[in-house]
Amino acid sequence: MTLASRRLSLVVALLYLTWLAAPLLNPQLHPWTSYASEYVVADHPAGTMPRTTDGIFGMLLIMMAVLSHSRARTPRRGLPDGLGAPKAAPTPRRRGRFAVRDRRADHQDPHRGDHAAGVDGGDRRVARCRVRSSRGRTGADVARNDPGMGTPTGALWREHLRELVVMGEPTRVLDIGSGPVVACCSGVASVLWDWAPVVELLRGEHRVIVLDRPGYAPGQQVSETLPTLDTEAARLLAVLTALGATGLVTAVGHSFGAAVVEAAARLHPGRLGSLVFLDGSVPEAEGADWAHDGARAAGRFRHGTHPAVRSTSVRVLWQLVGPAVSVALVPGRRGVARAMGGLRAEGSSSNILLASLRDLAGYVACMNRLHELRGRMPLESGVPLTVVAANGRVPRPGLSRWARHVLAQAARLAQETSVRRVVVSRSGHFVMLDQPRRTAELIAEAAR
């Protein structure tokens, strides 16, 4: 990149960063969005994909600008004197500090002058800094930085990880704890580790089962065909059957996972004992579009998106920026990554990006199907439902527009079964990460 293009990309990235402050100025914004697209697709039935794509594009743009700017400055810093490197004189305070260090080193090592005669002071200082930084690292630091190592919590959890072949596709499953069964289903661009704080609170008195949809786990292949709501609902129940959870189960769905849980309850009555929707998808607000051409969307994904994301350039780029984008979009993942160990390497796998884009490509068709099921197959009246609406990470006096959509959907579902409506403040879309204790309490109450 030329200097002008680097400066332009940095300016655009800084302007784009203003969307982080947008919820402070407008409390009605969607929780999973960037404001650049929100005002364009507001109340549009197929607005989820533009919102999410805009957010991912913005984070990639920011990371590319930062990386290009830092890479442009790094070679100049490494140039030897006389070859164009700017020579910055140290301040008097720094000169005094370095002089004290050199005198201490000379006193401790009388032969230092013999082997350091050909090394300038800058290199000696770098070497000493490296020694000090390595001495200061703890075992926890090493575990966090080495993908092959894990913390005790991560090691315990990985003992309960399994990969089942369900409906002809490998499915990664976490099965931990004992007691009443709680099954957790993730949304788009979400993996089972996002449930870690809630599972840690529940596993003492509950058996918690969390499943990833095929393609999200490392090493799995992402199918070229788009997901269907009926298939994902059947997969959820097939996993429970394969694990021997044949009794009534409390099913918890987050975002798109709530649509999967609802479809399973409607298509297979008598299988689920209670339902919990965590900031679930709302077809009327962001998904259903009867003009949607499913075959055309499937073709674009198969012939365009799928081969593009599998290309070498995209995979290398995602390895660089993927973990940072994941944490930037969902800040709660930072604490999980520190506790579990090895998640950065997993987040840098491009199959997570491809699986997320696959779910997004099939999202509208799934919302159309959910809208159809609601009109044809009612929920069982004896299956209680808890609907949780996130009201945004920033405190506000009233309800956000998205929270009102979720509560309006809960009111419609209350015509079919008993519904408990809960608004969680100081929480973004990923309720189980932003408010894990409150989420665990709600799930435990539903499982009684």
Colleague: Is it the case that the side chain of W318 and the backbone of G347 share a donor-acceptor pair, with hydrogens and angles ignored and the cut-off at 3.5 Å?
Modeller: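 Side chain of W318 to backbone of G347, a donor-acceptor pair under 3.5 Å: yes, one is there.
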Colleague: Does the R358 side chain pair with the main chain of T225, one donor and one acceptor, at a distance under 3.5 Å?
Modeller: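 Yes: the side chain of R358 pairs with the backbone of T225.
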Colleague: Identify the residue among R172, R213, E163 that makes a side chain to side chain donor-acceptor pair (under 3.5 Å) with Q220.
Modeller: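 Only match with Q220 under side chain to side chain donor-acceptor pair (under 3.5 Å): E163.
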Colleague: So, using salt bridge (Lys or Arg N to Asp or Glu O under 4.0 Å) as the criterion, who are the partners of R438 when residues are at least two apart?
Modeller: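 Testing R438 for salt bridge (Lys or Arg N to Asp or Glu O under 4.0 Å), a comparison that skips the adjacent residues, returns E441.
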Colleague: State, with a plain yes or no, whether a side-chain heavy atom of R300 is found less than 4.5 Å away from one of R296.
Modeller: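 Yes, at least one pair of side-chain atoms sits under 4.5 Å.
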Colleague: Taking R315 for the side chain and R310 for the main chain, is one N or O donor matched with an acceptor at less than 3.5 Å?
Modeller: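 Pair found, side chain donor or acceptor close to backbone of R310.
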Colleague: With distance as the sole test, does T228 use its side chain to make a donor-acceptor pair with the main-chain N or O of T231 at under 3.5 Å?
Modeller: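 It does hold such a pair.
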Colleague: If you count the non-hydrogen atoms of other residues, nucleotides and ligands that lie under 6.0 Å from CD in E372, is the total more than 12?
Modeller: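 Yes, the 6.0 Å shell around CD holds more than 12 heavy atoms from other groups.
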Colleague: Would you call R203 and E200 a salt bridge, taking side-chain N to carboxylate O under 4.0 Å as the test?
Modeller: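 E200 and R203: salt-bridged.
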Colleague: Got a second to check how far D434's CG is from S425's OG, nearest 0.5 Å?
Modeller: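 The distance works out to 11.0 Å.
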Colleague: Is there a side-chain hydrogen bond (donor to acceptor under 3.5 Å, both in side chains) between Y363 and S281 once you walk through the steps?
Modeller: CA-CA 10 Å; Y363 187 83; S281 298; 2.7 Å; yes
Colleague: Taking ring pair (Phe, Tyr, Trp, His ring centres under 6.0 Å) as the definition, give me every residue that meets it alongside H206, ordered by chain and number, with sequence neighbours left out.
Modeller: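 Expected list: none.
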Colleague: Considering residues at least two apart in sequence or located in another chain, which fulfil the side-chain hydrogen bond (donor to acceptor under 3.5 Å, both in side chains) criterion with S255?
Modeller: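 side-chain hydrogen bond (donor to acceptor under 3.5 Å, both in side chains) check on S255 returns H429.
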Colleague: Are F301 and L354 close enough that some pair of their side-chain heavy atoms sits under 4.5 Å apart?
Modeller: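 Side chain of F301 against side chain of L354, heavy atoms only: contact under 4.5 Å found.
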Colleague: Find out whether L164 and L211 are in side-chain contact, i.e. whether some heavy atom of one side chain is under 4.5 Å from a heavy atom of the other.
Modeller: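 In short, these two side chains do not touch, never coming nearer than 4.5 Å.
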Colleague: Salt bridge check, E416 against R266: does any charged N sit closer than 4.0 Å to a carboxylate O?
Modeller: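 Result for this pair is yes, salt bridge flagged.
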Colleague: E346 side chain to P218 main-chain N or O, any donor-acceptor pair under 3.5 Å?
Modeller: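 Checking the backbone N and O of P218 against the side chain of E346, no donor-acceptor pair under 3.5 Å is found.
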Colleague: Any side-chain heavy-atom pair from R271 and L240 closer than 4.5 angstrom?
Modeller: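 Touching, per the 4.5 Å side-chain cut-off.
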Colleague: For L399, is there any backbone N or O sitting under 3.5 Å from a side-chain donor or acceptor partner on N391?
Modeller: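 Between the backbone of L399 and the side chain of N391 there is no qualifying donor-acceptor contact (under 3.5 Å).
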Colleague: Carefully, step by step, assess V252 and V261 under the rule side chain to side chain contact (heavy atoms under 4.5 Å, CB included).
Modeller: CA-CA 7 Å; V252 185; V261 168; over 6 Å; no
Colleague: Answer yes or no: is there a donor N or O on one side and an acceptor on the other, between the side chain of H306 and the main chain of V222, under 3.5 Å?
Modeller: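 Confirmed, H306 side chain pairs with V222 backbone.
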Colleague: Return the CG to CD1 distance between D212 and I352, rounded to the nearest 0.5 Å.
Modeller: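 If I round to the nearest 0.5 Å, the distance is 8.5 Å.
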Colleague: Mark yes when over 12 heavy atoms from residues, nucleotides or ligands other than R426 sit less than 6.0 Å from its CZ; otherwise mark no.
Modeller: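 Open.
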